[in-house]
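Just so it is clear: chains get the letters A, B, ... in the order the sequence lines come, proteins before strands, and each one is counted from 1. On a predicted model such as this, the values are computed, not experimentally measured, just so you know.
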Number of protein chains: 2
Amino acid sequence: MDFKISPAEIEAHYAVLNKIGNLGSSLTDGFLRAGYSTAETAAMNYFANEAGKIGLNVRRDAVGNVFIECPGQTPEFIECGSHLDTVPLGGNFDGAAGIVAGFAAIKAMLPVAPQLQRGLRLRIWRCEESATFGVVYCGSKAAFGGLDADNLNRSFDGQTLADAMLSQGADPGFITSRQAAISQTEIDNIAAHIELHIEQGNLLEVTGKDIGIVSSIRGSQRSRVELHGQFDHSGATPMGPAFRRDVNLGMAHILVQLDELASRYLSQGKDLVQTVGIINCDSGFSSASKQINQNAITKVSGYGYFTLDIRSRDNDFRSSYCDEVDKLILDVAARFGLEVAMKVISSSPAVGSLDNNIQQQLTSSAAELGYSTSSMPSGAGHDAVIVAQQRRTDNSTVPVGMIFIPCRDGKSHCPEEFSSYEAIARGASVLAQTIFKLAQ
Amino acid sequence: MDFKISPAEIEAHYAVLNKIGNLGSSLTDGFLRAGYSTAETAAMNYFANEAGKIGLNVRRDAVGNVFIECPGQTPEFIECGSHLDTVPLGGNFDGAAGIVAGFAAIKAMLPVAPQLQRGLRLRIWRCEESATFGVVYCGSKAAFGGLDADNLNRSFDGQTLADAMLSQGADPGFITSRQAAISQTEIDNIAAHIELHIEQGNLLEVTGKDIGIVSSIRGSQRSRVELHGQFDHSGATPMGPAFRRDVNLGMAHILVQLDELASRYLSQGKDLVQTVGIINCDSGFSSASKQINQNAITKVSGYGYFTLDIRSRDNDFRSSYCDEVDKLILDVAARFGLEVAMKVISSSPAVGSLDNNIQQQLTSSAAELGYSTSSMPSGAGHDAVIVAQQRRTDNSTVPVGMIFIPCRDGKSHCPEEFSSYEAIARGASVLAQTIFKLAQ
C-alpha cells in the first residue's frame with residue numbers, strides 16, 4: 001500500500017499557516033511565532049481544530065504541547081512531531097514543515113488506522129527555538145521534566161518565560177518542580193518517533209536528492225571569546241607584538257589556526273562543524289561592552305570578541321576537541337599579548353546514532369515511492385534529540401528517526417527560508433509509508 | 001648659551017589649558033576642543049593674551065589661525081607651531097604640548113631676540129584633527145590655500161565647517177576660492193619650521209630616550225573593505241568553500257595573509273605600518289549596513305567589513321604596496337566565494353625626509369642639554385606635513401623639522417593620553433636651543 005500525499009494537501013495547510021505570525025504580507029517578509037506566544041498558540045489551534053473536524057483526538061499537556069492522536073485503544077504508538085514556533089524574522093518551514101507533513105500523513109492513514117496494531121500520534125512541541133528565550137527545546141524538555149527551573153526567568157520581548165507560559169494556559173509549576181508532563185507509561189509505549197524537518201543545509205540540493213535519512217544529530221557547544229589588548233595609535237606604533245597588543249590581528253591568527261585544526265580532524269574522518277558566527281557585531285553584547293566602540297580606523301585594536309559554535313555527532317570527540325580549541329586560543333592570544341575571557345553559552349549532547357531499524361524503513365519507503373535518498377547527519381539540533389534521550393522503564397531508549405527534505409539554498413532562520421510544497425509532500429509520503437509499516 | 005625651560009613654566013600654562021574643553025574635572029575625563037569651536041578659540045586666546053602681556057605681537061590670518069611673533073624688522077623667521085584642537089574624548093597633549101613648548105621657548109628667548117638675525121614665530125593652527133569634520137589639517141591647509149571647497153559642507157555636531165568658521169570669526173570665502181591666507185612673501189621668508197609633538201607611540205618610552213628626532217613623516221591610505229558571502233545554518237552546512245561562503249573565515253585568512261605580506265616588506269627594510277583598526281564595529285557604518293545584524297552565533301557569516309590604515313614614509317612604495325594589498329584581498333576572497341567592495345576613505349602623502357640640517361641641529365641641541373635622542377619616523381601625520389609641502393618662489397621647499405617627546409604607554413586620542421611637564425620642558429628646551437642657533 002502506497003501513501004502518496006499531494007502537494008495540494010500541503011498547500012491547503014500553508015494557506016492558513018502563512019497568515020499566522022507573518023511579519024508582512026508574503027513569505028519573504030519573514031515570520032515571528034515566538035514560543036509561548038499568541039501566534040504560536042493560534043498555529044497549534046489551527047491543527048487542533050482541523051484534527052477535530054476529521055475525528056482525531058486532541059490532548060494538551062500541562063506545559064502547553066499539543067498531541068493529536070487517532071482514536072482507538074492500542075497501547076503502543078508510532079509518533080511524528082516537530083514545532084510551530086519560529087525565530088524572529090524566520091521562515092515558515094523550520095518546524096512547520098514537519099507539523100504539516102505529520103498532520104497530512106496521519107490524515108492520509110486515518111481510513112486504515114483501525115486495522116493497525118499501533119496508534120498514530122502527532123506531537124506539536126512548544127518553543128523549540130533558542131532565539132527567543134535563549135534556551136533550546138523548551139516545550140519538549142519541559143514535557144519530559146528536563147528543563148531547569150532557572151530558565152523560567154529568561155525573558156523575550158519584555159516577558160519572562162514563566163509569564164509567557166501562563167499567558168498561553170501552560171503551567172510553569174511543572175518546570176519549577178522539574179516534573180514530567182508526560183507519564184512514564186506514555187514514554188514506555190512510544191514504539192517509534194519520527195521528525196520530518198527541512199535540512200537547513202544544502203547537501204540534498206547540491207547532490208540532487210529528494211530525501212535525507214538522518215543518521216545522527218550533532219550536539220553543539222556555543223561560546224563567546226573576548227580578547228583584551230591595547231588601543232594604540234595606528235601610525236605611530238610599530239608593527240609586531242613587541243609594540244602592539246593587537247586584538248584584530250591576534251583574532252585573525254586564532255581563527256585561521258582554528259580552521260587548520262578543524263581541517264586536520266575533518267581529514268581524519270571526524271564529524272565536525274566549527275563556525276565563527278559573530279565578530280564584534282552582537283548588538284546586545286556590544287552595548288554592554290562599551291570598549292568595542294573605542295576601536296577606530298587609526299587605532300590598533302584593543303578589544304574584540306567572537307563566537308564559536310562547535311558541533312559533532314561524537315560527544316567524546318567534541319569534548320576533547322573543545323579542550324584543544326581552548327588551549328589553541330590561549331596559546332595564540334599569548335603570542336599577541338592578549339588576555340582572553342571565554343564563556344560557554346550553551347551545550348547540548350549529540351545523538352550518536354538514530355534508530356537503525358527506522359533508518360532502514362525510511363530508506364525502503366522512499367525507494368518504494370521512487371524518491372532518491374541520502375544518508376546524512378543532522379547538523380542542527382531538533383526536538384527529536386530530547387525524545388531520543390528518554391528512557392523507558394526497561395532502560396531502553398525511545399527509537400527515533402528523522403527525515404530531511406531539501407530547502408532552497410540551504411537557507412534557514414531567515415525570511416528566504418523555503419521548501420516547495422512538492423518537497424514537503426514527498427517527505428510526508430515517506431513519513432506516512434514508514435509510520436504505516438511500523439504501526440502494522 | 002643654554003635654554004633650560006622649567007617644568008614649572010609648562011605647568012603654569014597647563015593650569016589654565018586643563019580647564020578649557022575638559023569634559024569633567026580632571027585630565028582623565030578627557031577633552032573636547034573641536035576645530036573652529038568656542039573652546040578652541042578660548043585656548044588660542046589664552047596664548048594670544050599671554051603673548052600680549054610680555055610684548056609679543058599677535059596676528060590672526062583670515063581662516064582663523066593665530067601667529068605669535070617677537071617684535072622686530074627681520075625679514076626671515078624661525079618658526080614653531082602645532083594645534084590646540086582635540087579629538088572628541090581626547091587628551092590635552094596631542095597638539096597642545098607643541099603650543100605650550102613653543103610659547104615657553106619663544107618666551108625664554110625674548111630677552112635675546114633683538115640680537116638675533118631672524119625673527120621668532122609660533123603658529124597655532126586651527127582644526128588639525130580629522131575626527132571632527134572628517135578632514136585633517138584644515139587650518140594649515142586653508143592658510144596655504146590647499147583645502148578643497150567641498151570640505152566646507154562637512155559637519156560636526158550639527159554644524160557645517162563653513163558655519164563653524166564663521167562662528168569663530170574666520171572667513172570660509174578663502175576656502176571657497178582656494179585662496180591662501182598667508183602671503184607668498186611670508187612663505188619665502190620661513191627659514192625653518194619646527195613642530196614639537198607627543199610621539200603617540202611608545203618607542204621613546206620602550207627605549208628610554210628623552211627626545212625623538214623625527215626623520216620623516218609617514219603618509220597614509222585609509223580604506224574600508226566590505227565582504228559579501230552567504231548566511232547559512234552553522235550546524236547543517238558542512239565546512240569548506242564548496243558549501244560555505246563564510247565572510248568571517250575569509251576575512252581571517254585575508255588579515256593573516258596581509259600580515260605576512262607586510263612582514264615580508266618589513267624584513268626587507270621597507271617603512272610600513274599596516275593596521276586593521278575596525279572589524280564590524282563602526283556604529284555609524286553598521287547602522288547604515290543592516291546586513292551586519294544578520295550575523296548570528298548559529299549562522300555562517302554572510303556579511304562583514306574591516307578597515308585598513310596603511311602608512312609609509314615612502315610614497316612610491318606605499319602606492320605599489322596598496323596595489324598588492326588590493327590584489328591579495330580579491331584573490332583570497334575569491335577562494336572563499338566572497339564578493340568584495342573596497343573604498344579608499346582618505347589618502348595623504350608622506351614627507352620622505354625632514355630637513356637634514358634641522359635634524360642635525362636638534363640632535364646637537366639635545367646633546368648640549370644632556371638629553372638622549374633617537375632618530376625615528378613619525379607614524380602619525382602633523383601640520384608640519386603641510387608646511388613641508390609649501391614652495392618658495394625659488395621652488396625650494398620650506399625646511400621642516402619635528403621633535404617628539406615621550407607619552408605614557410604611547411597612548412593618544414584618548415583620555416589616558418599623558419606627557420609629564422618634565423618631558424615637555426625637555427622638549428621645549430631642545431626647541432628653544434635649536435631655534436636660537438637657527439636664528440643667529
Ignoring hydrogens and geometry, is there a side-chain-to-backbone donor-acceptor pair from B/Asn280 to A/Ile279 under 3.5 Å? yes
I'd like to know which of A/Lys411, A/Glu199, A/Gln274, A/His413 tops the heavy-atom pair count under 4.5 Å against chain B. A/Gln274
Which answer fits A/Ile345, side chain, backbone, both or neither, if we ask what part of it has an atom under 4.5 Å from a heavy atom of chain B? side chain
Which one of B/Gly304, B/Ser412, B/Gly302, B/Ala296 has the most heavy-atom pairs closer than 4.5 Å to chain A? B/Ala296
Of the backbone (N, CA, C, O) and the side chain (C-beta and beyond), which part of A/Asp282 lies under 4.5 Å from a heavy atom of chain B, both, or neither? neither
Proximity breakdown for A/Ser223 and chain B, heavy-atom pairs closer than 4.5 Å: backbone
Among B/His233, B/Met239, B/Arg244, which residue meets the side-chain contact (heavy atoms from CB on, under 4.5 Å) test with A/Thr275? B/Arg244
In terms of heavy-atom pairs under 4.5 Å with chain A, the winner among B/Leu258, B/Leu255, B/Val256 is B/Val256
Yes or no on side chain to side chain contact (heavy atoms under 4.5 Å, CB included) for B/Arg311 and A/Thr298, after CA distance, side-chain angles and deciding distance? CA-CA 10 Å; B/Arg311 308 200 191 201; A/Thr298 55; 3.7 Å; yes
Under 4.5 Å from a heavy atom of chain B, the part of A/Ala262 involved: side chain
Select one option (side chain, backbone, both, neither) describing which atoms of A/Phe243 are under 4.5 Å from chain B's heavy atoms. both
Choice from B/Gly379, B/Ala131, B/Gly410 maximising heavy atom contacts with chain A below 4.5 Å: B/Gly379
Measure A/Leu249 against the heavy atoms of chain B and call it side chain, backbone, both or neither at under 4.5 Å. side chain
Once you round to the nearest 0.5 Å, how far does SG of A/Cys281 lie from CD of B/Gln291? 11.5 Å
Residue among B/Thr307, B/Asn295, B/Ile297 with most heavy-atom pairs under 4.5 Å to chain A: B/Ile297
Would you compute the distance between atom CD of A/Gln200 and atom NZ of B/Lys299 and round it to the nearest 0.5 angstrom? 11.5 Å
Using heavy-atom distances under 4.5 Å, tell me whether A/Gln230 contacts chain B through its side chain, its backbone, both, or neither. side chain
Counting heavy-atom pairs under 4.5 Å to chain A, which of B/Ser301, B/Gly201, B/Ser234 comes out on top? B/Ser234
Assert top hit (heavy-atom pairs under 4.5 Å, partner chain A, pool B/Thr237, B/Asp309, B/Asn248) equals B/Asn248
Is it the side chain or the backbone of B/Ile278 that comes within 4.5 Å of chain A heavy atoms, both, or neither? both
